[in-house]
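Following: one structure in structure tokens, then a few remarks.
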Amino acid sequence: MARILITSAIPYINGIKHLGNLVGSQLPADLYARYMRARGHEVMFICATDEHGTPAELAAAKAGMPVEHYCAEMHEVQKNLAAGFRLSFDHFGRSSSGRNHRLTQHFAKALGENGFIEEVAERQVFSVADNRFLPDRYIEGTCPNCGYDKARGDQCENCTKQLDPTDLINPRSAISGSTELEIRETKHLYLKQKSLKGEISAWIDSKTDWPILTTSIAKKWLNDGEGLQDRGITRDLSWGVPVQFPGAPWQGMEGKVFYVWFDAPIEYIAATAEWADATEEPDAAWERWWRTDKGAQDVRYVQFMGKDNVPFHTLSFPATIMGSREPWKLVDYIKSFNYLNYDGGQFSTSQGRGVFMDQALSILPADYWRWWLLSHAPENADSEFTWENFQVSVNKDLADVLGNFVSRITKFCRSKYGEAVPAGGQTGERAAALIEELEGRVRAYEGHMEAMEIRKAATELRAIWVAGNEYLQSAAPWTVFKEDPERAAAMVRLGLNLIRLYAILSEPFIPDASAKMLSAMKCTDRTWPGPVAEALTVLEPGHAFETPEVLFAKIADEEREEWQKRFSGVRT
RNA sequence: GGCUAGGUAGCUCAGCUGGUUAGAGCACAUGACUCAUAAUCAUGGGGUCGGCGGUUCAAGUCCGCCCCUAGCCA
């Protein structure tokens with residue numbers, strides 16, 4: 001039994017995530033976690049909300065509530081949606097937790113003591129009326145490039161030009177609207193990534209089995225232009241982890257907090273500590289996942305994320321860990337994803353375009369979305385969600401191939417033999433051929449799941465379902481029954497056992513349907529199949545079952561058209 | 001403009017280090033079956049693998065140039 005640590009990129013607190021966000025990290029991470037648990041491995045699956053930074057403060061202000069309350073509320077919303085999609089986190093933490101505050105300060109202190117933090121004096125915009133500095137989006141003005149009058153301090157939304165707050169014409173505070181602004185000198189901490197470049201570069205070069213998407217992005221940032229740059233890790237905000245704390249190896253940073261991208265990945269570790277707190281375990285329980293001097297040397301650590309998060313996970317976070325000179329666990333494998341597009345354009349949180357997690361669950365159960373999203377995961381290229389494609393996949397794969405298989409075999413048995421596994425008879429050559437085919441396919445499926453090749457795994461799983469229909473079609477127990485009920489009984493017995501096998505194999509993709517199938521078979525044994533021939537004899541003659549309700553309802557054309565229309569515009 | 005990743009059947013995509021008549025699912029056509037959510041199963045039609053040139057006994061697979069798409073950066 002192996003020990004596997006799995007983290008999903010942590011979703012930002014600001015609002016409900018769309019399906020593109022879901023399929024880019026949390027959902028595939030859940031698939032992998034479920035599979036590894038099913039194989040009997042010890043799994044720690046961690047996620048959290050990313051709560052610090054300017055957008056959270058602005059969203060809270062817009063909602064008219066203190067940022068702490070806003071975050072607490074949105075955390076609950078996201079937690080419930082994650083549960084709705086059956087994301088099986090061992091813990092869903094918060095980057096604003098006390099654990100993360102302490103760990104973030106701990107890392108900063110260690111980095112400072114090791115000479116990887118530099119104090120830099122900068123000139124920034126200060127608002128006299130608000131009595132504070134105005135970083136990034138806290139300042140608005142006219143874009144010097146295109147003339148747009150609502151350009152933000154970090155970027156013009158109209159022409160996309162990256163800006164420095166001091167570039168803006170007629171700048172004003174986004175908080176009060178005050179134009180009484182002045183440039184003041186302020187001090188910030190920089191993480192000296194340049195001095196760690198050699199170490200990081202060697203480490204990336206050693207990861208020859210990582211997805212091209214992951215290593216190409218990392219190498220680009222390492223080597224392009226002037227190469228990896230030092231990075232400011234503090235901001236003039238009040239919501240975040242304080243930079244000045246007892247024992248800090250620097251002075252005069254009162255009123256500043258660490259930049260959200262510095263503390264967010266540390267939350268992976270902190271959330272595991274939060275898990276220990278919540279389950280009343282000692283520190284040793286979480287440290288054995290993260291400290292290579294305390295048991296984590298045999299842990300395999302896998303991260304899941306969208307491509308936009310890759311630079312932080314391949315460079316900044318490793319720099320934080322390496323620079324601490326402490327024995328923290330570094331990631332072993334990074335699975336990254338491209339983007340999912342929506343009906344000819346992009347999903348967009350800021351524009352409210354696409355289908356969001358709450359909306360998705362309001363129209364269909366989680367399994368429908370899980371199946372489509374995972375079997376179309378944007379692994380090698382951006383992929384596209386269309387309602388037609390979604391409808392076809394759900395109806396064909398889930399309703400016709402799998403759902404109908406369960407339905408046809410249970411109903412046939414019920415009408416001819418009653419609701420118990422029938423006894424007697426021998427299966428023939430067709431069954432032997434089926435078992436041989438399944439043996440190959442199940443092992444191939446395992447291989448794809450281990451390698452996190454999600455689309456291939458989905459294709460194999462579907463082929464496994466199809467094999468059951470092929471068998472029934474050619475064996476034709478309904479015909480054999482007329483001449484030889486015992487021989488037909490053996491076929492039905494095999495068919496019923498296939499339902500159990502399918503439930504176990506399919507659980508990572510469609511956990512709810514899997515549970516329904518097992519419950520219909522009145523079976524609690526969900527042991528992962530060894531030799532298929534053995535796995536297909538678990539339900540013995542006389543074992544009672546229930547004919548289940550329809551597993552997957554089909555999506556009608558009218559429904560599809562209605563949803564297509566309802567979600568064509570912009571979320572309000 | 002630079003960088004990265006792609007451009008393979010109507011659609012969504014597989015095709016590792018170059019090697020027999022280029023594959024899958026869906027869609028389409030025909031047939032089989034009737035246990036089942038008008039479901040299932042079989043067979044078939046359909047592609048000059050973005051374009052041009054090159055290397056090679058042999059290229060979708062390598063090289064060069066060009067066109068198109070997406071993303072990132074400037």
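In what follows, every chain begins at residue 1, and chains take the letters A, B, ... in the order their sequences are listed.
- Contacts of A:V550 with the nucleic acid, taken as non-hydrogen atoms under 4.0 Å apart, include base atoms.
- Distance CD1 (A:I409) to P (B:A39): 20 Å, rounded to an integer number of Å.
- Judged purely by atom type and a 3.5 angstrom limit, A:S415 uses its side chain to pair as donor or acceptor with the backbone of A:F412.
- For the segment residues 393-403 of chain A, the set of residues with a heavy atom within less than 4.0 Å of an atom of RNA chain B comprises A:K396, A:A399, A:D400, A:G403, in numerical order.
- Of the residues in residues 474-506 of chain A, those placing a heavy atom less than 4.0 Å from an atom of RNA chain B are A:W478, in numerical order.
- Using a 4.0 Å heavy-atom cutoff across all strands shown, A:V406 reaches no nucleic acid atom at all.
- Under a 3.5 Å cut-off, the side chain of A:D50 and the backbone N or O of A:S95 do not form any donor-acceptor pair.
- Distance alone, capped at 3.5 Å, is enough to place a donor-acceptor pair between the A:Q359 side chain and the A:F356 backbone.
- Atom CH2 of A:W369 is separated from atom CG of A:L374 by 13.0 Å, given to the nearest 0.5 angstrom.
- On the C1' atoms, B:C11 is 33 Å away from B:C73, given to the nearest whole Å.
- On the C1' atoms, B:C49 is 4 Å away from B:G60, given to the nearest whole Å.
- When atom types are taken as modelled, the side chain of A:K17 and the backbone of A:P11 share no donor-acceptor pair closer than 3.5 angstrom.
- Residue contacts shown for A:F552 include a base, since a base heavy atom lies under 4.0 Å away.
- Side-chain N or O atoms of A:H543 include one that pairs as donor or acceptor with a backbone N or O of A:K522 at under 3.5 Å.
- For the pair A:Y32 (side chain) and A:F304 (backbone), a donor-acceptor distance under 3.5 Å is absent.
- Toward the 5' end of RNA chain B, the nearer of the two residues A:T459 and A:E549, judged by each one's closest nucleotide, is A:T459.
- Using cut-offs of 30° and 60° for the angle between ring planes, the A:F385 and A:W387 rings count as perpendicular.
- Atom name P, nucleotides B:U4 and B:C62: the rounded distance is 16 Å, in whole Å.
- Looking at A:N389 and A:W372, their side chains do bring a donor and an acceptor atom within 3.5 Å of each other.
- Stem list for RNA chain B (at least 3 consecutive Watson-Crick or G-U pairs, distances under 3.5 Å): B:1-7 with B:67-73, B:10-13 with B:23-26, B:28-32 with B:40-44, B:50-54 with B:62-66.
- Set against B:A39, B:A32, B:U37, the side chain of A:L551 has B:U37 as its closest nucleotide.
- Rounded to whole Å, the C1' atom of B:U40 lies 29 Å from the corresponding atom of B:A22.
- Comparing B:A32 with B:G7, their P atoms are spaced 41 Å from each other, to the whole Å.
- Taking atom CD of A:E388 as the reference point, atom C1' of B:G10 lies 14 Å away to the nearest angstrom.
- Note that the CD1 atom of A:I504 and the CD1 atom of A:I499 stand 12.5 Å from one another [nearest 0.5 Å].
- Straight-line distance between the C1' atoms of B:G23 and B:C68: roughly 25 Å, to the nearest whole Å.
- The nearest whole Å value for the distance from the CH2 atom in A:W372 to the P atom in B:G25 is 19 Å.
- Side chain of A:Q193 to backbone of A:Q229: a donor-acceptor contact under 3.5 angstrom is found.
- Regarding A:E379, its CD atom lies at a distance of 14 Å from the P atom of B:G6, rounded to whole Å.
- Here the two rings, on A:F481 and A:Y417, have centers that are under 6.0 Å apart.
- Between A:D30 and A:R34 there is a salt bridge, since a side-chain N of the basic residue sits under 4.0 Å from a carboxylate O of the acidic one.
- When atom types are taken as modelled, the side chain of A:Y368 and the backbone of A:F552 share no donor-acceptor pair closer than 3.5 angstrom.
- In this structure, the ring of A:F567 has its center no less than 6.0 angstrom from the ring center of A:Y342.
- Closest to the side chain of A:N389, from the set B:U12, B:C35, B:A42, is B:U12.
- Protein atom OH of A:Y339 is 13 Å distant from nucleotide atom C1' of B:U4, rounded to whole Å.
- Remark: the backbone N or O of A:R455 is paired with a side-chain donor or acceptor of A:E379 at under 3.5 angstrom.
- For the OP1/OP2 pair of B:A38 and a distance below 4.0 Å, the side-chain nitrogens and oxygens of A:K554 include no atom meeting the criterion.
- Put simply, CG on A:L398 and CH2 on A:W371 are 6.5 Å apart, with the number rounded to the nearest 0.5 Å.
- As rounded to the nearest Å, B:A70 and B:C65 have P atoms that lie 23 Å from one another.
- Ring pair A:F390/A:W563: centre-to-centre distance not below 6.0 Å.
- For the atom pair CG (A:L189) and OG1 (A:T234), the distance works out to 4.5 Å, reported to the nearest 0.5 Å.
- For the P atoms, the distance from B:C66 to B:A9 is 25 Å, rounded to whole Å.
- Of all the residues in residues 423-451 of chain A, not one reaches under 4.0 Å from RNA chain B with any non-hydrogen atom.
- Annotation: cation-pi geometry satisfied between A:K335 and A:F337 (NZ/CZ under 6.0 angstrom from ring centroid, within 45° of ring axis).
- Distance NE2 (A:H376) to C1' (B:A24): 13 Å, rounded to an integer number of Å.
- Atom CD in A:Q473 sits about 10 Å away from atom P in B:U40, given to the nearest Å.
- Only A:K411, A:F412, listed by number, bring a heavy atom of residues 410-422 of chain A to less than 4.0 angstrom from any atom of RNA chain B.
- Rounded to an integer number of Å, the gap from CD of A:E470 to C1' of B:A42 is 10 Å.
- A donor-acceptor pair is defined here as one N or O able to donate and one able to accept, closer than 3.5 Å; no such pair exists between the side chain of A:R370 and the backbone of A:P365.
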Report, one pair per line, the protein and nucleotides 13-15 of chain B atoms (nitrogen or oxygen only) whose separation is under 3.5 Å.
from	atom 1	to	atom 2	distance (Å)
B:A14	OP1	A:N380	ND2	2.7
B:G15	OP1	A:K456	NZ	3.2

